[in-house]
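The structure appears below as structure tokens.
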Amino acid sequence: MKRWLLLALVLTFLLPADSFARRKKYEEVDVTNGGSITGTIKAAEMVADPTGKVETQVPEEVKLCGSEFKMDKFIISADLGVKNVIVALQDVEKGKAMPEEDLTIDNKACQFVPLVGVTYKGSQFVVKNSDPIFHNTSLGLVMKGRRSTVYNLALPTQNMTIKKPVRRTGLHNVKCDAHKWMRAYVYAARNPYVALSDENGKFEITDILPGKYEVLVWHEGFGEVETTVEVKAGEATSMDHTFAKP
């Protein structure tokens with residue numbers, strides 16, 4: 001009996017952190033008269049967007065990358081709406097069909113484009129290098145403050161493209177080991193119920209089966225919060241959130 005207990009404990013630590021979340025496969029069903037979640041994500045006050053520094057002495061990189069860049073970490077509208085906030089329903093067992101949308105991550109002018117993106121289980125990462133210099137694109141799953149590398153792809157030539165399947169779900173940090181200032185974030189969802197706030201902080205998630213859902217709200221500068229929302233058939237549920245100081 002002790003041997004079996006020890007084996008179970010070992011397997012618990014060896015299995016990937018999202019293995020348990022994948023035990024119950026997401027089921028695609030017809031959603032009729034589903035509900036929706038709409039809302040606005042705001043900041044409590046205006047926050048200045050910092051300027052990033054380019055740290056390189058390689059002549060061709062200095063020419064291409066410049067010496068500093070706008071970080072776009074805090075893109076906040078005049079009425080305090082926050083852009084690039086991920087809003088994702090957690091542990092959804094069934095609902096509408098998964099989108100068939102690949103996500104392109106481009107190394108362009110020494111930055112990743114987009115800065116924040118969303119993709120889905122079963123889709124592909126399309127990693128591209130638009131620059132005439134060497135880049136590598138490292139995608140790492142972030143869980144409980146730790147980063148676990150999923151892919152580390154070298155792109156030595158301009159216009160080189162590599163495709164890889166989205167195989168692990170959750171928040172991915174994207175970095176280039178050759179250029180430390182480059183960064184991006186991708187949320188890989190195991191269900192289709194995820195949205196990215198626009199330039200006014202607005203978002204919408206549609207065709208949701210009635211029920212109570214845990215919702216993750218994440219932003220690079222403000223951090224993350226979780227809340228519970230109840231969705232009713234044929235109704236739009238309002239879910240607004242205001243971030244305090246970062």
Side-chain angles (χ1 to χ4, degrees), residues 13-19 49-75 83-86 88 101-190 194 196 216 218-224 246:
F13 286 105
L14 290 180
L15 283 171
D18 61 344
S19 292
D49 191 47
T51 298
K53 299 295 183 181
V54 174
E55 299 175 3
T56 181
Q57 295 181 347
V58 180
E60 62 178 331
E61 293 184 355
V62 172
K63 183 178 180 180
L64 176 68
C65 308
S67 60
E68 60 183 28
F69 61 96
K70 187 179 178 182
M71 287 193 70
D72 287 335
K73 187 175 185 178
F74 296 102
I75 303 177
K83 186 179 180 180
N84 284 336
V85 178
I86 295 168
E101 299 176 6
D102 296 338
L103 176 69
T104 298
I105 303 171
D106 196 0
N107 293 258
K108 188 173 183 179
C110 303
Q111 302 296 328
F112 288 117
V113 180
L115 175 62
V116 183
V118 170
T119 190
Y120 305 89
K121 182 75 174 177
S123 298
Q124 292 195 33
F125 295 113
V126 182
V127 183
K128 180 181 178 182
N129 181 11
S130 290
D131 289 342
I133 61 174
F134 174 90
H135 285 297
N136 79 290
T137 298
S138 173
L139 292 100
L141 187 68
V142 180
M143 297 191 73
K144 296 181 179 179
R146 299 184 66 181
R147 184 183 191 275
S148 174
T149 300
V150 178
Y151 294 115
N152 194 350
L153 309 172
L155 300 111
T157 58
Q158 189 172 25
N159 296 322
M160 183 176 178
T161 300
I162 301 174
K163 295 183 178 181
K164 290 290 183 180
V166 178
R167 66 184 190 185
R168 298 187 67 182
T169 57
L171 182 66
H172 290 62
N173 164 259
V174 188
K175 64 180 183 177
C176 175
D177 297 314
H179 306 103
K180 302 293 186 182
W181 65 88
M182 292 177 62
R183 96 281 185 208
Y185 303 91
V186 174
Y187 186 83
R190 66 179 299 270
V194 57
L196 197 61
L216 171 70
W218 178 93
H219 182 265
E220 178 189 7
F222 289 109
E224 69 177 62

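Only this structure's heavy atoms are used, side chains among them; waters, hydrogens and symmetry mates stay out.
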Are any non-hydrogen side-chain atoms of [X] and [Y] less than 4.5 angstrom apart?
X	Y	result
Y120	V166	no
Y187	L196	no
P246	K73	no
N129	T157	no
V150	R167	yes
V62	T56	yes
L115	R183	yes
Y185	N84	no

Q.
Just to verify, what does E68 make a salt bridge (charged side-chain N to carboxylate O under 4.0 Å, His left out) with, not counting sequence neighbours?
A. K53
Q: Applying salt bridge (charged side-chain N to carboxylate O under 4.0 Å, His left out), name anything that partners E61, two or more places apart in sequence or on another chain.
A: none
From [X] [atom1] over to [Y] [atom2], what is the distance, rounded to the nearest 0.5 angstrom?
X	Y	atom1	atom2	answer
L171	L141	CG	CG	7.5 Å
L155	I162	CG	CD1	4.5 Å
N107	L153	CG	CG	10.0 Å
M182	S138	CE	OG	11.5 Å
K108	L64	NZ	CG	11.5 Å
M160	S130	CE	OG	13.0 Å

(Q) Run L216 and E224 through side chain to side chain contact (heavy atoms under 4.5 Å, CB included) and show every step you take. (A) CA-CA 7 Å; L216 171 70; E224 69 177 62; 3.8 Å; yes
Q. Which pairs pass disulfide bond (SG atoms under 2.5 Å apart) with one or both residues in residues 111-171, sequence neighbours excluded?
A. none
Q: Applying disulfide bond (SG atoms under 2.5 Å apart), name anything that partners C110, two or more places apart in sequence or on another chain.
A: C65
Q. Any chance CD of Q158 has more than 12 other-residue heavy atoms, nucleotides or ligands included, within less than 6.0 Å?
A. yes
Give me the atom names and distance for the closest heavy-atom approach of [X] to [Y].
X	Y	result
K70	D49	CG-OD2, 3.5 Å
G52	M71	N-CG, 3.4 Å
A88	V194	CB-CG2, 3.8 Å
F69	V54	CD2-CG2, 3.8 Å
G140	R147	N-NH2, 3.1 Å
P114	A184	O-CB, 3.7 Å

Q: For the pair H219 and F74, name the ring-plane relationship: parallel under 30°, tilted 30 to 60°, perpendicular over 60°.
A: tilted
Q: Look at the aromatic rings of F125 and Y151 and report parallel, tilted or perpendicular, splitting at 30° and 60°.
A: perpendicular
(Q) If you apply the rule side chain to side chain contact (heavy atoms under 4.5 Å, CB included), what do you find for I133 with H179, and how did you get there? (A) CA-CA 11 Å; I133 61 174; H179 306 103; 4.0 Å; yes
Q | With N136 via side-chain hydrogen bond (donor to acceptor under 3.5 Å, both in side chains) - residues at least two apart | A |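 So N136 forms a side-chain hydrogen bond (donor to acceptor under 3.5 Å, both in side chains) with N152, D177.
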Q) Among all residues two or more places apart in sequence or in another chain, which pass the side chain to side chain contact (heavy atoms under 4.5 Å, CB included) test with D102? A) S123, Q124, V126
